[in-house]
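Throughout, numbering of the chain's residues begins at 1 and tracks the sequence. These numbers were taken from a predicted model, which means no experiment stands behind them.
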Amino acid sequence: MTHLPLAAAVFVLLLGNFASAEPYQLVTEEWAPYNYADNGQLTGMSTEVVRAIMVLTGDDFEIDLLPTMRATYALQNRPRTIMYSMFRTPEREPLYKWVGPIVEESIHPYQLASTATPITSLEQLMHAPQITTRHAGLVPRMLESLGFGNLDKSAAESHQLYRMLLAGRTELIVGDTDAGVAYYSRQLGIAPGTLRRVPIQLYRSSLYIAFSRDSDDALVAAWAAALARLRRSGELARIQRRYEQQNDQ
């Protein structure tokens with residue numbers, strides 16, 4: 001057995017302690033109404049839930065709002081990283097440790113209510129001239145996996161989807177949950193009844209908090225227990241209702 005000099009052994013011990021004490025980084029993306037910036041402040045349904053969890057666990061991790069691809073890259077490649085809100089898909093399942101669900105949501109296409117050719121079937125949707133979605137993320141990947149060959153992935157952010165639809169630059173958009181569509185309609189001043197939800201559910205799943213695989217099991221368990229406590233106390237439902245009421249306004 002190789003014996004380290006005392007000074008070297010102490011250094012290795014201190015280094016190990018420092019590494020184990022390295023703080024977690026918490027990241028999210030702009031995806032209203034779950035996580036988004038409002039007047040420079042990070043807010044949203046999931047953001048409130050995550051902050052409520054940290055109150056219960058005693059954690060005080062800083063939250064960084066990053067572009068979608070940077071946030072996902074951080075979760076996949078940086079140690080001790082947490083990201084929310086994420087759909088828990090079969091492909092993602094083995095990549096991370098999960099806490100949730102926070103809320104279950106679905107994604108539908110939208111078109112203008114005034115369109116002369118309302119879409120009513122999946123076949124019509126598959127053969128539409130163009131469906132506009134964001135350039136990256138789960139939604140365009142999901143649409144491609146379903147066989148859609150008519151995608152226009154030119155939108156860098158959600159706001160662009162609605163502006164393109166209103167300007168007549170596209171006839172169909174897919175990118176947000178129904179709650180997200182309601183949020184962006186308010187933000188952009190889109191009058192009620194202007195948009196029509198196409199009656200085709202393209203995706204339905206629950207939103208979760210994802211932890212990088214090297215995250216401590218004790219931390220993941222503590223967050224899961226805290227979320228369960230928020231659910232039992234009714235606080236989780238109260239947070240969700242506040243955002244649902246905003247969408248109804």
Side-chain angles (χ1 to χ4, degrees), residues 23-36 42-66 68 70-108 137-139 141-142 158 175-183 201-244 246-247:
Y24 283 80
Q25 61 174 352
L26 184 53
V27 300
T28 191
E29 61 179 322
E30 180 86 17
W31 197 45
Y34 312 102
N35 13 273
Y36 62 97
L42 180 60
T43 186
M45 181 193 300
S46 298
T47 298
E48 288 197 31
V49 172
V50 165
R51 286 175 172 153
I53 287 173
M54 289 197 288
V55 168
L56 295 178
T57 61
D59 295 313
D60 188 23
F61 304 144
E62 183 178 348
I63 306 175
D64 289 326
L65 181 65
L66 302 175
T68 298
R70 283 182 56 195
T72 304
Y73 180 87
L75 180 63
Q76 292 174 344
N77 295 280
R78 295 184 193 170
R80 299 165 74 87
T81 298
I82 308 166
M83 181 177 174
Y84 72 95
S85 311
M86 291 191 72
F87 281 121
R88 186 174 180 174
T89 67
E91 296 77 19
R92 289 172 172 173
E93 181 68 32
L95 302 179
Y96 313 116
K97 299 177 180 179
W98 300 91
V99 167
I102 298 174
V103 65
E104 186 177 28
E105 295 287 11
S106 59
I107 292 176
H108 294 79
L138 171 67
V139 173
R141 291 198 303 271
M142 176 267 294
S158 288
D176 295 303
T177 65
D178 296 337
V181 173
Y183 168 82
Q201 181 175 277
L202 292 172
Y203 190 76
R204 185 170 185 84
S205 186
S206 297
L207 295 175
Y208 281 74
I209 305 165
F211 293 70
S212 57
R213 293 296 302 174
D214 67 316
S215 298
D216 295 330
D217 288 338
L219 177 72
V220 178
W223 278 50
L227 180 59
R229 183 174 169 185
L230 293 174
R231 184 173 284 108
R232 288 195 305 271
S233 70
E235 180 60 21
L236 181 62
R238 283 191 287 272
I239 292 172
Q240 292 171 351
R241 275 199 302 273
R242 281 202 298 274
Y243 286 87
E244 290 168 356
Q246 290 176 12
N247 290 335

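With hydrogens and angles left out, the side-chain atoms of E29 and Y36 include no donor and acceptor closer than 3.5 Å.
By the 4.5 Å heavy-atom criterion applied to side chains, E244 and R241 are counted as neighbours. Within the 4.5 Å cutoff, side-chain heavy atoms of D216 are placed close to those of R80. Side-chain contact between W31 and L207 is present, with at least one heavy-atom pair separated by less than 4.5 Å. The shortest side-chain heavy-atom distance between L95 and R213 does not fall under the 4.5 Å cut-off.
In this structure, OG1 on T72 lies 4.0 Å from CE on M83, to the nearest 0.5 angstrom. Of the inter-residue distances, the one linking Y24 atom OH with M54 atom CE reads 13.5 Å to the nearest 0.5 angstrom. Note that CG of D178 and NE2 of H108 are 5.5 Å apart. Values are rounded to the nearest 0.5 Å. Here the straight-line distance linking atom CD1 of I82 with atom OG of S212 works out to 7.5 Å at 0.5 Å rounding. Note that the OG1 atom of T28 and the CG atom of L65 stand 6.5 Å from one another [nearest 0.5 Å]. With rounding to the nearest 0.5 angstrom, the CD atom of E62 is 10.5 Å from the CG atom of L42.
The side chain to side chain donor-acceptor pair (under 3.5 Å) check on Y73 picks up nothing, with sequence neighbours excluded. For T89, the side-chain contact (heavy atoms from CB on, under 4.5 Å) test picks out F87, E91, R92, L138, Y203, with sequence neighbours left out. Listed by chain and residue number, Q25 satisfy the side chain to side chain donor-acceptor pair (under 3.5 Å) test with R78 (two or more places apart in sequence, or in another chain). Shown here are the side chain to side chain donor-acceptor pair (under 3.5 Å) partners of S158, two or more places apart in sequence or in another chain: R134, D176. With sequence neighbours excluded, the residues that form a salt bridge (charged side-chain N to carboxylate O under 4.0 Å, His left out) with E93 are R88. For the side chain to side chain donor-acceptor pair (under 3.5 Å) test, residues two or more places apart in sequence or in another chain that qualify with E235 are R238. In this structure A210 satisfies the side-chain contact (heavy atoms from CB on, under 4.5 Å) test together with L75, M86, Y96, W98, sequence neighbours excluded. Residues that satisfy the ring pair (Phe, Tyr, Trp, His ring centres under 6.0 Å) test with Y84, not counting sequence neighbours, are absent from this structure. Qualifying side-chain contact (heavy atoms from CB on, under 4.5 Å) partners for D60, counting only residues two or more places apart in sequence or in other chains: none. Taking the salt bridge (charged side-chain N to carboxylate O under 4.0 Å, His left out) definition, one finds that E30 meets it with nothing, sequence neighbours left out. In this structure R204 satisfies the salt bridge (charged side-chain N to carboxylate O under 4.0 Å, His left out) test together with E104, sequence neighbours excluded.
In this structure, S215 contributes its side chain and F211 its backbone to no donor-acceptor pair below 3.5 Å.
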Practice task
List the steps, then state whether side chain to side chain contact (heavy atoms under 4.5 Å, CB included) holds for I239 with M45.
Solution key: CA-CA 6 Å; I239 292 172; M45 181 193 300; 4.1 Å; yes
Practice task
Give the C-alpha distance, both sets of side-chain angles, the deciding distance and a yes or no for side-chain hydrogen bond (donor to acceptor under 3.5 Å, both in side chains) between S85 and N35.
Solution key: CA-CA 7 Å; S85 311; N35 13 273; 2.7 Å; yes
Exercise for the section: Apply side-chain hydrogen bond (donor to acceptor under 3.5 Å, both in side chains) to Y34 and T177, showing your working. Expected result: CA-CA 10 Å; Y34 312 102; T177 65; 2.6 Å; yes
Side chains of residues 217-230: which donor-acceptor partners sit under 3.5 Å, not counting sequence neighbours?
from: D217; atom 1: OD1; to: K97; atom 2: NZ; distance (Å): 2.6
from: W223; atom 1: NE1; to: D59; atom 2: OD2; distance (Å): 2.9

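For R70, the CZ atom counts as loosely surrounded, since its 6.0 Å shell holds 12 or fewer non-hydrogen atoms of other residues, nucleotides or ligands.
P101 and S206 make their closest contact through CB-CB, 3.5 Å (heavy atoms, listed as atom of the first residue, atom of the second, distance). In plain terms, the two heavy atoms of G137 and T68 that are nearest each other are CA-CG2, 4.4 Å.
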